[in-house]
Amino acid sequence: MEIVVRAVIVFAFLWAVTRIAGRSTLGELNTFELLLYVTMGDLVQQAVTQQDYSVTSAFLAVGVFALATMGLSWLSWRWTAARPWINGVPVVIVKSGELQTSAMRRQRLSFDDLTTSARQQGIRRISDIDLAVLETDGRISYFTVEPEMSGAPETPAAG
């Protein structure tokens, strides 16, 4: 039973740390998933089981983490009020070509990280961005300003 209690405590600590740490520099995985995967092996040996190297203890510790993850997922699905606390909320970081510096500061997203990500999406200037949203998984979604139609076609029709 002590292993279950230790696993729950470590799980809660990792969850809290990842909510505080933010999500600004990750790509595919969210912060919590990355920490969960990286620490799972070490967690079983040191933080949860200490000197107990039995297979049963390892299965129990990993099982508690898996169930706790599924529990948070279920809570997020079932209770919409919990979603912002569990998953976070998307944050607007560029609006109408203007940086939302206070939002970027709160998310610890640097201008260099933003411009690097924009260049990877083929965006040359921040002023070309109508809306940029830092998603809950750490990715940035860009919506660019559409060039206005001048009324004349780019290439004249053969006549």
Side-chain angles (χ1 to χ4, degrees), residues 7-44 46-48 61-159:
V8 169
I9 290 169
V10 172
F11 178 86
F13 174 73
L14 284 175
W15 179 80
V17 165
T18 57
R19 297 300 309 139
I20 293 167
R23 57 186 179 247
S24 63
T25 59
L26 296 175
E28 297 290 323
L29 295 176
N30 68 37
T31 310
F32 181 71
E33 290 170 338
L34 180 64
L35 279 176
L36 184 63
Y37 295 143
V38 169
T39 55
M40 186 66 75
D42 196 44
L43 166 78
V44 171
Q46 293 178 10
V48 177
V62 172
V64 167
F65 261 60
L67 288 173
T69 302
M70 289 173 16
L72 283 178
S73 179
W74 181 83
L75 276 175
S76 176
W77 169 74
R78 187 76 173 124
W79 188 32
T80 56
R83 286 183 194 152
W85 293 98
I86 295 172
N87 300 326
V89 293
V91 177
V92 174
I93 52 176
V94 178
K95 188 174 186 178
S96 300
E98 294 186 26
L99 296 174
Q100 304 297 305
T101 53
S102 61
M104 290 178 63
R105 199 172 313 122
R106 278 192 313 273
Q107 297 301 317
R108 290 171 300 286
L109 178 67
S110 72
F111 178 75
D112 290 337
D113 289 339
L114 177 66
T115 55
T116 299
S117 176
R119 283 192 306 271
Q120 291 172 343
Q121 297 296 317
I123 300 169
R124 295 178 187 191
R125 295 179 301 270
I126 298 297
S127 60
D128 292 339
I129 301 171
D130 185 41
L131 188 69
V133 179
L134 180 61
E135 303 293 352
T136 59
D137 64 0
R139 293 186 206 142
I140 302 174
S141 298
Y142 295 97
F143 302 91
T144 56
V145 177
E146 295 294 326
E148 294 183 27
M149 299 302 269
S150 63
E154 290 185 16
T155 54

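Below, all heavy atoms of this structure are taken into account, side chains as well, without hydrogens, waters or symmetry copies.
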Between Gln107 (side chain only) and Arg105 (backbone N and O only), is there a donor and an acceptor less than 3.5 Å apart? no

Quick one: side chain to side chain donor-acceptor pair (under 3.5 Å) partners of Arg119, sequence neighbours excluded? Thr116

If you measure from CZ on Arg125 to OG1 on Thr144, what distance do you get to the nearest 0.5 Å? 11.5 Å

Closest non-hydrogen contact found for Leu99 with Met104 is CD2-SD, 3.9 Å

Could you state the interatomic distance from OG (Ser102) to CD1 (Ile93), rounded to the nearest 0.5 Å? 12.0 Å

Between Ser76 and Arg83, what is the shortest heavy-atom contact and its length? O-NE, 2.6 Å

Please round to the nearest 0.5 Å and tell me the distance separating atom OG of Ser117 and atom CG of Leu109. 8.5 Å

Flag the pair Leu114 / Tyr142 as yes when at least one side-chain heavy-atom distance between them is below 4.5 Å, and no otherwise. yes

What are the two closest non-hydrogen atoms of Pro90 and Val133, and how far apart are they? CB-CG1, 3.6 Å

Looking at every non-hydrogen atom in both residues, tell me the closest pair between Thr136 and Asn87 and how far apart they are. CB-O, 3.4 Å

When every non-hydrogen atom of Ile129 is compared with those of Val145, the smallest separation belongs to C-CG2, 4.2 Å

Sequence neighbours excluded, which residues qualify as side chain to side chain donor-acceptor pair (under 3.5 Å) partners of Arg124? none

